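No experiment lies behind these values; they were computed from the predicted model shown. Quick note: numbers below take in every heavy atom, side chains included, and nothing from hydrogens, waters or symmetry partners.
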Amino acid sequence: MISANTLIFMLGGLTFLFVFSWFKKAAISVFKKELASNVDEKSVWSKLFQVFLVDWFVCILGVFGTGVVFVAIFNQLY
């Protein structure tokens, strides 16, 4: 059976991913405007790959960090 700490950790990770997806939705709309105005496609794709790597690291660290914070708060209150 799943423990309360594991459930709270997963809830923290999902909360972070939900909030981060709102942020990315706004960032994508800005990037679409830049992509439409830029004629040099090569620089756009390298920039897009860099954004992907940064977002990937942010998601990994954010999910673990938020999960740990949620568990720490839960354990302090419990």
Side-chain angles (χ1 to χ4, degrees):
M1 180 137 192
I2 196 165
S3 70
N5 282 344
T6 304
L7 187 63
I8 295 294
F9 182 84
M10 291 187 325
L11 179 66
L14 290 174
T15 301
F16 175 81
L17 289 176
F18 180 73
V19 171
F20 188 70
S21 67
W22 276 0
F23 167 76
K24 285 311 295 177
K25 184 177 180 183
I28 286 172
S29 66
V30 171
F31 187 73
K32 281 183 181 180
K33 292 176 187 175
E34 183 180 340
L35 185 59
S37 68
N38 196 348
V39 292
D40 185 19
E41 290 183 22
K42 188 170 184 132
S43 68
V44 171
W45 288 109
S46 66
K47 190 184 296 184
L48 185 61
F49 184 69
Q50 290 172 352
V51 168
F52 163 74
L53 288 178
V54 169
D55 287 348
W56 184 52
F57 286 125
V58 167
C59 282
I60 290 171
L61 294 176
V63 165
F64 284 119
T66 308
V68 168
V69 168
F70 272 43
V71 170
I73 291 171
F74 174 73
N75 286 334
Q76 288 293 324
L77 297 175
Y78 180 66

Open item on the list: Please determine whether residues Leu11 and Phe64 belong to a single hydrophobic cluster, defined as Ile, Leu, Val, Met, Phe, Trp and Tyr linked transitively by side-chain heavy-atom distances below 4.5 Å.
Closed with: yes
TODO: List in chain and number order the residues that pass ring pair (Phe, Tyr, Trp, His ring centres under 6.0 Å) with Phe16, two or more places apart in sequence or in another chain; answer none if no residue qualifies.
DONE: Phe20
Pairs under 3.5 angstrom only: tabulate donor-acceptor contacts from the side chains of residues 48-59 to other protein residues two or more places apart or in another chain.
{"unit_1": "Asp55", "atom_1": "OD2", "unit_2": "Lys24", "atom_2": "NZ", "d": "2.7"}

TODO: Kindly work out whether a path of hydrophobic side-chain contacts (I/L/V/M/F/W/Y, heavy atoms less than 4.5 Å apart) joins Ile73 to Val68.
DONE: no
Task: With Thr15 via side chain to side chain donor-acceptor pair (under 3.5 Å) - residues at least two apart - done: none
Open item on the list: Holding to ring pair (Phe, Tyr, Trp, His ring centres under 6.0 Å), I want the full list of residues that pass it with Phe74, two or more places apart in sequence or in another chain.
Closed with: Tyr78
- [ ] Would you mind listing the cluster partners of Met10? Hydrophobic ones only (ILVMFWY), side-chain contacts under 4.5 Å, chaining allowed.
- [x] Ile2, Leu7
Open item on the list: In this structure, would Val71 and Phe18 fall into the same cluster of hydrophobic residues linked by side-chain contacts under 4.5 Å?
Closed with: no
Task: Selection residues 2-12 - residue pairs positive for side chain to side chain donor-acceptor pair (under 3.5 Å), sequence neighbours left out - done: Ser3-Thr6
Task: Rounded distance (nearest 0.5 Å) linking atom CG of Asn75 with atom CZ of Phe70 - done: 13.5 Å
